[in-house]
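To start, the structure itself, in structure tokens.
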Amino acid sequence: MNKSQTYATHVYWDERDNGFIAIAPDLPGCSAFGDTKQEAWQELDHAIVGWIEAAVAAGEPVPEPSKPPKPSSYSGKVLLRIPASLHEKLAKEAEREGVSLNQWMVTLLSAGLFSQASSRKPQGVNLPHAHAVG
């Protein structure tokens, strides 16, 4: 595999040009045109090679291909064991508020975090207020 094929590429339809534009975001200004997606990608491969050759000839640095973002290790799902009496209170309060138990718990947790951080908050920042659980 040649180096030009290791760069991320994006291809999109352009109404003004009535064709496909392919870009290599890691290489500023590196783009190509094609009547089809495949043609745009092929042309971009040549454009990347030319971009790299021109940068090297001019003594300019050639950016390394970007790496895909790492998947988050946080799924947003937490299993939490709580006393039955607290579960009941939370469920009743959520019902009174007209929201799901999940949404109510997220609201309370968020409000608690904001409340804790309020002593460190910048002036003029308004944070949500927590509702008391009865």
Side chain to side chain donor-acceptor pair (under 3.5 Å) partners for E95, two or more places apart: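 Testing E95 for side chain to side chain donor-acceptor pair (under 3.5 Å), a comparison that skips the adjacent residues, returns none.
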Non-neighbouring partners of E60 that pass side chain to side chain donor-acceptor pair (under 3.5 Å), sequence neighbours left out: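 Expected list: none.
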P61 to A55 - nearest heavy-atom pair and separation: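 The pair with the smallest heavy-atom distance is O-CB, 4.4 Å.
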All side-chain contact (heavy atoms from CB on, under 4.5 Å) counterparts of V56, not counting sequence neighbours: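 Per chain and number, V56 pairs via side-chain contact (heavy atoms from CB on, under 4.5 Å) with I52, V62.
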side-chain contact (heavy atoms from CB on, under 4.5 Å) partners of P71, counting only residues at least two apart: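 With sequence neighbours excluded, P71 shows a side-chain contact (heavy atoms from CB on, under 4.5 Å) to no residue whatsoever.
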L80 side chain near M105 side chain, heavy-atom distance below 4.5 Å: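 Touching, per the 4.5 Å side-chain cut-off.
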Sub-4.5 Å side-chain heavy-atom contact between L101 and L90: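 Yes, their side chains come closer than 4.5 Å.
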Salt bridge (charged side-chain N to carboxylate O under 4.0 Å, His left out) against K37, all qualifying residues, sequence neighbours excluded: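 K37: no salt bridge (charged side-chain N to carboxylate O under 4.0 Å, His left out) contacts found.
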CD-NZ distance between E64 and K67, expressed to the nearest 0.5 angstrom: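 So the CD of E64 and the NZ of K67 are separated by 7.0 Å.
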Separation of E97 CD from L108 CG (nearest 0.5 Å):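 Reported to 0.5 Å precision, the distance equals 9.0 Å.
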K92/E88 salt bridge by N-O under 4.0 Å criterion: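 Yes, charged N to carboxylate O under 4.0 Å.
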Sequence neighbours excluded - ring-ring contact (aromatic ring centres under 6.0 Å, His included) pairs with any residue from residues 8-31: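 Matches after skipping sequence neighbours: W13-F20.
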Backbone of G19 reached by a side-chain donor or acceptor of D17 within 3.5 Å: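 Looks like no, no N/O pair under 3.5 Å.
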Joint cluster assignment, V11 & V49, ILVMFWY side-chain distance < 4.5 Å: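 In one cluster with V11: V49, no.
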Donor-acceptor contacts, no H, no angles, side chain residues 21-34, under 3.5 Å, sequence neighbours left out:
{"from": "D26", "atom 1": "OD1", "to": "S66", "atom 2": "OG", "distance (Å)": "3.1"}
{"from": "D26", "atom 1": "OD2", "to": "S66", "atom 2": "N", "distance (Å)": "2.8"}
{"from": "D26", "atom 1": "OD2", "to": "S66", "atom 2": "OG", "distance (Å)": "3.1"}

